[in-house]
Amino acid sequence: MKEVRTTCCYCGTGCGVIASTDGQTITAVRGDPDHPANFGRLCTKGSTLHLTMQPALQQQVRLLAPQLRTGRDLPHAAAGWDEAAGFVAGRLVDTLRRHGPDSIGLYVSGQLLTEDYYVFNKLAKGLLGTNNIDTNSRLCMSSAVAGYKQTLGADAPPACYEDIDHADLIFIAGANPAYAHPVLYRRIEDARRRNPELKLIVADPRRTDTARDADLFLPVQPGSDVALFNGMLHLCLWEDLVDLDFIGRHTEGFAELKATVRDYTPAFVAQTCGIREQDLLTAARWFGQSKAALSLYCQGLNQSTQGTAKNAALINLHLATGQIGKPGAGPFSLTGQPNAMGGREVGGLANLLSAHRDLANPEHRAEVARLWGVDEVPATPGKTAIEMFDAVRSGEIKVLWIVCTNPAQSLPDQARVREALRQAELVIVQEAYANTATAAFADVLLPATSWGEKEGTVTNSERRITRVQPVVPAPGEARHDWAIAVDIARRIEALLGRSSTLFPYDAPEQVWNEHRESTRGRDLDITGLSYALLDGEGPQQWPYPEGAKAGRKRLYEDGIFPTASGRARFANTAWQPPADKTDPRFPFRLNTGRLRDQWHGMSRTGTVAQLFAHAPEPSVLMAAEDMQRRLLQDGDLVEVKSRRGAQVLTVQASDDMRSGQAYIPMHWGDEYLGGQDAFGVNGLTSPAFDPVSRQPELKHAAVAVRKAELPWRFLAFGWVAREQVLTLQQRLRAQMGDFAFASVTLFGRERVGLLFRAANPSAVGIAQIQQEFGLDDEDVLRYDDARRAVSRRVRVADGKLAAISLAGDVAAERWLRAYLEEGHPVSGLGRQLLQPGARAPEGFSARGKIICNCFNIAEDTIRTVAAQAGDADRLAFLQQQLKCGTQCGSCVPELKKLVAAASA
């Protein structure tokens with residue numbers, strides 16, 4: 001057995017991973033104790049990475065060979081690499097000649113490695129001659145980029161993870177790191193234990209697990225962040241808590257901002273944000289009086305039509321109080337993807353060039369052209385994500401090349417996105433997974449390597465570069481993303497008659513070395529680094545110029561900023577409401593965000609059944625009082641409708657929510673949630689975007705929520721062989737559009753199963769689903785009541801439940817599912833297996849929701865043991881008795897919530 005050091009492929013924390021392999025499969029993973037991002041810790045997603053690589057699952061979902069189709073109504077057919085790459089190159093050159101370079105668009109991903117990103121950027125801007133290359137990082141980080149550049153002069157997070165240990169105030173705004181960056185949140189918990197004086201402020205529309213831990217929680221209205229930050233600055237000015245010396249020596253533009261924030265009085269801000277004036281005053285005083293204030297922020301600030309202004313307004317607060325460039329202080333944007341930073345470094349956005357150069361700057365374009373050996377880099381601005389798909393829809397862009405991302409799940413206003421994909425003359429999808437929503441629209445499918453197979457580098461949120469090492473060979477005919485791009489680029493060069501290649505790469509190190517040279521003399525200079533140094537000395541932070549002995553932990557300690565004047569710039573930010581306004585027809589504010597144990601569109605995490613245990617099915621969360629007013633109960637089906645589309649799903653009451661708000665996790669696309677003319681959560685969201693960053697407002701949509709008049713329910717669930725479960729899921733997914741509502745999710749742990757839920761199905765639809773679960777066999781137990789339109793099917797294997805369907809009367813679902821999942825023998829149940837109604841066997845109680853995924857500990861067990869703690873520390877007692885919260889720690893915030901309830 002061999003161990004290989006690599007890195008995690010989920011959030012931007014950049015955790016180090018040690019993977020064990022037998023040479024063909026990854027058998028286990030653990031956190032790298034020497035990696036400075038995580039010191040051995042992993043979250044629930046990272047600690048199950050090896051489970052996503054099981055051959056039995058991979059064979060069902062991985063794209064293992066190139067595929068082509070010659071007509072949109074025809075199935076994909078296998079093709080060799082020579083045929084597929086030749087076809088793509090030929091069509092790109094033909095389109096280039098007939099319609100010009102801007103008739104081609106590339107949409108890439110923050111999950112690519114830096115080397116992949118670099119080649120694609122060069123291919124688009126250097127060879128094809130178009131700036132129409134953008135990335136899904138536009139959906140998560142472009143407002144952070146714009147905010148940093150607007151104020152500090154460069155897209156460079158000035159703080160580092162170590163600053164958590166030095167801060168005496170941490171201000172978390174628009175982020176839920178307890179879910180989205182759990183390893184980083186463990187570090188915050190550790191810092192608070194070591195320093196009881198460390199204060200935590202959280203500003204968020206929801207009372208998240210992060211917010212529950214706060215010393216001060218500001219439950220702001222969605223989209224009101226600029227007003228909050230301006231209001232805090234107003235009070236800092238009023239109470240002489242600004243650093244006039246720092247402002248005078250190191251900044252410019254303060255007078256204009258000072259005049260603006262004069263209008264952000266406590267009364268106005270409290271009303272706009274929906275918070276108490278006293279809490280606003282406390283937040284401003286804590287921030288202004290702090291010796292070291294560190295802010296952490298993410299999508300709540302970024303995914304907004306005011307995303308740039310939100311970022312800049314928070315940075316203004318740091319500049320005005322001198323809270324930057326010193327230990328424990330600074331505005332620290334948390335990266336949403338594993339290599340969104342690397343993509344920004346190589347200029348992988350439509351408005352950027354290599355090494356933080358600006359496309360709009362003629363000198364920068366000339367520098368990159370010289371480096372690449374081309375006559376020029378085009379000056380015409382490229383299409384950003386939303387604009388690109390609109391241009392495809394209008395016919396302006398003819399060919400779309402999509403790499404390592406799933407826009408048919410992740411982009412807002414899915415009806416319009418899918419119309420664009422159907423309108424395109426050619427859709428090329430370069431992907432590791434064959435079952436994504438986007439793959440169904442592809443004319444060409446190119447199989448790419450994925451985590452555990454790739455080699456290169458990534459950069460995390462604190463500017464730290466880590467080597468990514470391959471652990472196992474590429475499956476089937478899959479190739480590395482950079483290698484696919486190089487192959488096609490060379491074929492294009494041949495068709496265009498170029499005598500020499502712009503892509504002389506045979507290994508990722510050659511690509512990285514060229515990228516390194518592009519950074520020479522820039523703010524992110526990494527000319528002192530090499531693959532050998534990264535391999536020998538471990539991950540390093542930039543800048544790391546030639547001759548340096550180490551990277552720089554934090555930036556701007558000398559008070560000099562990368563602007564023309566050397567001074568930071570205050571941005572004159574003014575609050576504006578979200579674009580999609582509520583009204584009597586659409587009275588609720590819909591927010592989206594992450595689940596603890598899932599990632600993005602779930603193409604990877606969605607293959608691991610145990611990662612569904614904490615949040616088993618799609619649902620919309622609402623405040624209990626809003627549900628009561630609408631006569632809704634937990635589990636009822638509701639229609640959530642926006643100005644763009646509608647989606648039926650179950651509703652759940654949540655004490656996280658304020659009245660007038662609703663929340664749906666971002667992960668639920670039509671791979672798991674469907675119905676007639678429904679596309680998942682992003683069928684609802686708004687394509688309106690920030691005028692500077694061009695980032696869409698995924699965090700706010702005006703919606704209506706009403707009870708769905710779908711009284712007749714159906715569900716089927718059962719164990720499925722691991723070698724067949726994802727294939728069966730795909731067959732069930734294909735049938736979801738036949739129902740008014742349908743969802744299909746995994747469950748289980750050692751064994752895996754599927755749960756299919758639907759409303760108002762046809763008799764034919766029911767029969768098909770039952771057949772898929774083996775519920776049409778002669779030995780299946782049956783109950784039918786035609787008069788009441790009620791039926792039940794039960795399949796028993798080896799004395800235990802194997803599969804069940806309930807139609808009409810689904811009241812027994814809870815106990816039957818628990819009986820099946822927990823493997824109880826059914827020999828003593830007799831007629832109760834088929835008896836209508838909800839009554840469970842005497843003495844039986846379902847375990848409830850899984851809280852601790854590492855040790856499979858359910859909520860009811862935790863409540864029972866917590867009640868036995870007496871006067872002891874209940875959390876410590878739980879950890880001692882059940883081990884929950886002692887491995888990855890992701891469940892600790894929820895354990896604290898249950899402990900608080902038990903102590904009340």
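Values below: all heavy atoms of this structure, side chains included; hydrogens, waters and symmetry mates excluded. Counting from 1, the numbers follow the sequence of the chain as shown. Everything numeric here is computed off the predicted structure, so don't read it as measured data.
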Q.
Would you say that more than 12 heavy atoms from the other residues, nucleotides or ligands in this model lie under 6.0 Å from the NZ of K897, or not?
A. yes
Q) So do the side chains of I170 and K199 get within less than 4.5 Å of each other, counting heavy atoms only? A) no
Q: Please determine which of D163, T210, I188 meets the side chain to side chain contact (heavy atoms under 4.5 Å, CB included) test together with L296.
A: I188
Q: Could you go through the salt bridge (Lys or Arg N to Asp or Glu O under 4.0 Å) check for D656 and R212 one step at a time?
A: CA-CA 9 Å; D656 294 354; R212 292 178 192 281; 2.6 Å; yes
Q: Evaluate the criterion side-chain contact (heavy atoms from CB on, under 4.5 Å) for residue pair R589 and H700; output intermediate values, then yes/no.
A: CA-CA 6 Å; R589 301 168 182 266; H700 186 279; 3.4 Å; yes
Q | SB check E639 R706 (cutoff 4.0 Å) | A | yes
Q: Would you tell me whether N38 and D32 have side-chain atoms, one donor and one acceptor, within less than 3.5 Å of each other?
A: no
Q) Can you check salt bridge (Lys or Arg N to Asp or Glu O under 4.0 Å) on E813 and R713, steps first, answer last? A) CA-CA 11 Å; E813 174 193 353; R713 305 282 198 94; over 6 Å; no
Q: Give, for atom CG of N311 and atom CG of N316, the distance between the pair rounded to the nearest 0.5 Å.
A: 11.0 Å
Q: Report, as yes or no, whether the 6.0 Å neighbourhood of atom CD on Q633 holds more than 12 heavy atoms from other residues, nucleotides or ligands.
A: no
Q: Write down the atom of T335, the atom of H181, and the distance for their closest heavy-atom approach.
A: O-NE2, 2.9 Å
Q. Side chains of M622 and S654: does their closest heavy-atom pair fall under 4.5 Å?
A. no
Q: Taking T265 for its side chain and F268 for its backbone only, find out whether a donor-acceptor pair lies under 3.5 Å.
A: yes
Q. Which heavy-atom pair separates E617 from S743 by the least distance, and what is that distance?
A. OE1-OG, 3.9 Å
Q) Using 4.0 Å as the upper bound for N to carboxylate O, is an ion pair formed by K849 and D860? A) no
Q.
Under a 3.5 Å cutoff, is there a donor and acceptor pairing between the side chains of R629 and S659?
A. yes
Q.
So does G307 get a backbone contact from the side chain of N302, meaning a donor-acceptor N/O pair under 3.5 Å?
A. no
Q) side chain to side chain donor-acceptor pair (under 3.5 Å) between D168 and S290: does it pass, once the steps are laid out? A) CA-CA 7 Å; D168 62 10; S290 172; 2.3 Å; yes
Q | 4.5 Å side-chain heavy-atom contact, D213 and K896 | A | yes
Q | D209 CG to R596 CZ distance, which is reported to the nearest 0.5 Å | A | 8.5 Å
Q.
I want to check something: taking the side chain as every heavy atom from C-beta on, are T272 and W575 in contact at a cut-off of under 4.5 Å?
A. yes
Q. Does a side-chain N-to-carboxylate-O contact under 4.0 Å join E821 and R814?
A. no
(Q) Check for me whether K45 meets the cation-pi criterion with W599, that is, NZ or CZ under 6.0 Å from the six-membered ring centre and within 45 degrees of the ring axis. (A) no
Q. Are side-chain heavy atoms of R285 and E239 found at a separation under 4.5 Å?
A. yes
Q) Under the side-chain contact (heavy atoms from CB on, under 4.5 Å) criterion, do Y161 and R464 qualify, and how do the steps go? A) CA-CA 10 Å; Y161 297 156; R464 190 178 297 278; 5.9 Å; no
Q.
side-chain contact (heavy atoms from CB on, under 4.5 Å) for V640 and L649? Distances and angles first, verdict last.
A. CA-CA 8 Å; V640 182; L649 70 172; 3.7 Å; yes
Q: Give a yes or no on this: more than 12 heavy atoms of other residues, nucleotides or ligands lie within 6.0 Å of atom CD of Q271.
A: no
Q.
Quick check for you: to the nearest 0.5 Å, what is the distance between C8 atom SG and N460 atom CG?
A. 11.5 Å
Q | From V29, V608, V17, residue fulfilling side chain to side chain contact (heavy atoms under 4.5 Å, CB included) relative to H50 | A | V29
(Q) Centroid separation under 6.0 Å, is that true for the rings of H824 and F844? (A) yes
Q: Check F877 against V865 and note the closest heavy-atom contact, atom names and distance.
A: CE2-O, 3.4 Å
Q) Going through the distances and angles, do Q652 and V620 end up as a side-chain contact (heavy atoms from CB on, under 4.5 Å)? A) CA-CA 6 Å; Q652 299 289 334; V620 56; over 6 Å; no
Q: Indicate yes or no: at least one non-hydrogen side-chain atom of R206 is less than 4.5 angstrom from one of N176.
A: yes
**Q.** Euclidean distance, Q647 CD relative to N682 CG, rounded to 0.5 Å
**A.** 10.5 Å
Q: Locate the shortest heavy-atom distance separating A838 from A811; write the atom from each residue and the value.
A: CB-O, 3.4 Å
Q. What about F229 and Y264, are their ring centers closer than 6.0 Å?
A. no
Q. Minimum heavy-atom separation for A708 to V648, with atom names?
A. CB-CG1, 4.2 Å
Q) About how many Å separate CG of L878 and CD of Q868, when rounded to the nearest 0.5 Å? A) 9.5 Å
(Q) Parallel, tilted or perpendicular, judged at 30° and 60°: which one describes the rings of Y819 and W815? (A) perpendicular
Q) Just by distance, do the side chain of T650 and the backbone of L637 share a donor-acceptor pair under 3.5 Å? A) no
Q: Report yes if some heavy atom in the side chain of I201 is under 4.5 Å from a heavy atom in the side chain of I172; otherwise report no.
A: no
Q.
So, taking the atom named CD in E462 and the one named CG in L334, what distance separates them when rounded to the nearest 0.5 Å?
A. 11.0 Å
Q.
For a salt bridge (Lys or Arg N to Asp or Glu O under 4.0 Å) check, start with the C-alpha distance between R863 and E894, then their side-chain angles and the critical distance, and finish with the verdict.
A. CA-CA 12 Å; R863 291 185 187 278; E894 203 159 356; over 6 Å; no
Q.
Below 30° counts as parallel, above 60° as perpendicular, anything between as tilted: where do the rings of F612 and W668 land?
A. tilted
Q. Which one of T605, T44, T48 satisfies the side-chain hydrogen bond (donor to acceptor under 3.5 Å, both in side chains) criterion with D597?
A. T44
**Q.** Full working for salt bridge (Lys or Arg N to Asp or Glu O under 4.0 Å) between R41 and D190
**A.** CA-CA 13 Å; R41 284 173 163 158; D190 291 344; 2.7 Å; yes
**Q.** N/O donor-acceptor pair under 3.5 Å between H600 side chain and M602 backbone
**A.** no
Q) Can you tell me if T282 and D279 form a side-chain donor-acceptor pair at under 3.5 Å? A) no
Q. Excluding sequence neighbours, so at least two apart, what forms ring pair (Phe, Tyr, Trp, His ring centres under 6.0 Å) with F287?
A. H318
(Q) Checking T52 against R604 for the side chain to side chain donor-acceptor pair (under 3.5 Å) test, could you report, in this order, the C-alpha distance in whole Å, the side-chain angles of both residues, the deciding distance, and whether it holds? (A) CA-CA 6 Å; T52 71; R604 178 181 292 276; 2.9 Å; yes
Q | Side-chain heavy-atom pair I664, L590 within 4.5 angstrom cut-off | A | yes
Q: Return the minimal non-hydrogen interatomic distance between D165 and R187, and the atom names on each side.
A: OD2-NH2, 3.3 Å
(Q) Would R207 and F217 count as a cation-pi pair here, with the cationic atom under 6.0 angstrom from the ring centre and within 45° of the axis? (A) no
